[in-house]
> 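Here it is, the structure, as structure tokens.
What you see is a predicted model; the values in this text were computed from it and never measured. Per chain, numbering begins at 1; letters A, B, ... match sequence-line order.
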Number of protein chains: 2
Amino acid sequence: MQSRTPASRTGRPRSAAADAAILAATREGLVELGWSGLTLSDVAARAGVAKTTLYRRWSGKHELVVDAVAELFDELVLPDRGSLAADIEGVVLQFAAILNRPEAKCGLMGVVAESTRDDALRERVRTSIVERQKRLVLAGRARAQERGELPPEADPEESARTVDLIFDMAAGAVVHRTLVSGKPADEEWARGFTHILLLGLTTPAPNLTPPGKTVS
Amino acid sequence: MQSRTPASRTGRPRSAAADAAILAATREGLVELGWSGLTLSDVAARAGVAKTTLYRRWSGKHELVVDAVAELFDELVLPDRGSLAADIEGVVLQFAAILNRPEAKCGLMGVVAESTRDDALRERVRTSIVERQKRLVLAGRARAQERGELPPEADPEESARTVDLIFDMAAGAVVHRTLVSGKPADEEWARGFTHILLLGLTTPAPNLTPPGKTVS
DNA sequence: GCTATTACGCTACGACTCGTAGCGAAAGCT
DNA sequence: AGCTTTCGCTACGAGTCGTAGCGTAATAGC
């Protein structure tokens, strides 16, 4: 939503049912028409709502789709599969499953495309979708540390960098696999991905910040 | 181009200069207007070409942008920096530099968004842009094998899978870093990424296809 | 219950883009 | 020359955009 109701005003309140109907209609429209085919008139018709109501709540297609897609990714959970490797695989597969839904793919990519020219929109995408799911990485690492699979973090700053890197690698790889390569991110693929990611994490970093380049 | 001239027909040939002007105008339009703001009328005006000429050569915005963006990625080369790690870093940084240009970002993402609902378009993206650049991974691996940094590949089938995986991880991570996270894929980031990727590659895979899950 | 205030549905609007058709002129090939 | 194809131009109906205006519906406060 863009203009959150300030606590409680006087007058007729906004229909929460309409919000749900609109977001659902948006996803439905994305499935059938795709990003550039989606029109707000169509969404309004599907939701059984006047077009003007849409514009009263969202400033345009971009913002609306962000909210519609964000709901999809809230389904993600961190399953306890017993080992860090299995946990990573589990999340990757869940993410792949969501990204396999047409409304998620084209909605997300369309919004990302527009956000390259609109800083406010990119920030909205980041906070509404991406940053929310970073919880999975944090929870997974914490659990792995309890198990003793990962050492407790020393430098908090580098720790944050590592979380960001993991997230970029995981989310990016799944997106690229399913959307660009057009092949399924199935169990076998997730296993290969996890194998590479995990080795890099468990092996102590030689020098990420220090001197020059003794990477060998 | 969509309708390649069959060798040489009789009649006035298509102006190659117009092609170049149109593609350049498309990129220019992407910078200023973004994906959804880009109109073919505008491109025609910029290129000094009639709108009808555009439609004679491309079937629509999607196809046109694919060609316009594909040219950008042909700038990629594999520098010989002396080690596999340095080579990977070099390519990653080059890729990041290209993806940092606004016309590349929004053009690529816009096309990918549409390609989620258009198999033909996705295939076009794959062959025109993605598959072309897979040469870098192949060349880099070959060079690393000459150096003795990587073992010669045994199973050709699994080898192909690994190349795909590397490509998905590298391209996906850079895209996600620059477009979604909105942070620069600079040298430090590339170093961290290469560190993780490389350890996973040089360590012999325990079981990618076999039994169940003896990972950890 | 009455009133103030806000949300809602509906209609209509000008501005714009889309993709195509039709025409005469230009530019090559043989 | 003559033939063939491209090109630039104009015009067109269809469709979308985001907004404005109006009457009605649904709450909160009194």
> Who are the side chain to side chain contact (heavy atoms under 4.5 Å, CB included) partners of B:Asp155, not counting sequence neighbours?
B:Glu157, B:Glu158
> Quick check on contacts: within residues 25-48 of chain B, what sits under 4.0 Å from DNA chain C by heavy-atom distance?
B:Thr39, B:Leu40, B:Ser41
> Give a yes/no answer on whether the side chain of B:Thr10 brings an N or O atom under 4.0 Å of OP1 or OP2 in C:dT30.
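Looking at the OP1 and OP2 atoms of C:dT30, neither is under 4.0 Å from any side-chain N or O of B:Thr10.
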> Between A:Asp80 and A:Arg147, does any side-chain N to carboxylate O distance fall below 4.0 Å?
yes
> A:Thr162 and A:Arg141: side-chain donor and acceptor closer than 3.5 Å?
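There is no such pair (donor and acceptor under 3.5 Å, judged by atom type) between the side chains of A:Thr162 and A:Arg141.
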> For B:Arg122, enumerate each residue passing the side-chain hydrogen bond (donor to acceptor under 3.5 Å, both in side chains) test, keeping only those at least two apart in sequence or located in another chain.
B:Asp119
> I'd like to know if A:Asp19 and A:Arg14 make a salt bridge, using a cut-off of under 4.0 Å between side-chain N and carboxylate O.
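Salt bridge absent between A:Asp19 and A:Arg14.
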> Would you kindly give the CH2-to-P distance between B:Trp58 and C:dC18, to the nearest whole Å?
16 Å
> Strictly distance-based, threshold 3.5 Å: is any side-chain N or O of B:Ser128 a donor or acceptor partner for the main-chain N or O of B:Val125?
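A pair under 3.5 Å: no.
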> For A:Ser181, check side-chain hydrogen bond (donor to acceptor under 3.5 Å, both in side chains) against everything at least two apart and list the hits.
B:Asp168
> Near DNA chain C, under 4.0 Å by heavy atom, which residues of residues 108-115 of chain A?
none
> Among D:dG8, C:dC8, C:dG9, which nucleotide has an atom closest to any side-chain atom of A:Ser15?
C:dC8
> A:Ala50: what forms a side chain to side chain contact (heavy atoms under 4.5 Å, CB included) with it, not counting sequence neighbours?
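Scan of A:Ala50 (side chain to side chain contact (heavy atoms under 4.5 Å, CB included), adjacent residues dropped) gives A:Thr52, A:Thr53.
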> Compute the angle between the rotation axes at the two ends of the helix from C:dG1-D:dC30 to C:dT30-D:dA1, each taken over five pairs, rounded to 10 degrees.
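It comes to 30° between the two terminal axes.
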> Who passes side chain to side chain contact (heavy atoms under 4.5 Å, CB included) against B:Ala185, sequence neighbours left out?
B:Ala96, B:Arg177, B:Thr178, B:Trp189
> Side chain to side chain contact (heavy atoms under 4.5 Å, CB included) with A:Gln133: which residues, sequence neighbours excluded?
A:Phe73, A:Asp74, A:Leu76, A:Arg135, A:Leu136, A:Phe167
> Roughly, in whole Å, what's the span from CZ in B:Arg14 to P in D:dT5?
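My rounded result for the distance is 12 Å.
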> Quick one: what's the B/S/- string for nucleotides 19-26 of chain D, heavy-atom cutoff under 4.0 Å, read 5' to 3'?
BB----BB
> Answer yes or no: is there a side-chain heavy-atom contact under 4.5 Å between A:Val111 and A:Val69?
no
> Who passes salt bridge (Lys or Arg N to Asp or Glu O under 4.0 Å) against B:Lys134, sequence neighbours left out?
B:Glu131, B:Asp164
> To the nearest Å, give me how far apart CG (A:Leu54) and C1' (D:dT16) are.
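A:Leu54 atom CG is separated from D:dT16 atom C1' by 14 Å.
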> On DNA chain C, does the nearest nucleotide to A:Ala50 precede the nearest nucleotide to B:Gly60 from the 5' side, or the other way round? Give the residue.
A:Ala50
> Which residue pairs pass the side-chain hydrogen bond (donor to acceptor under 3.5 Å, both in side chains) test with at least one member in residues 103-116 of chain A, sequence neighbours excluded?
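For residues 103-116 of chain A: A:Arg101-A:Glu103, A:Glu114-B:Ser36.
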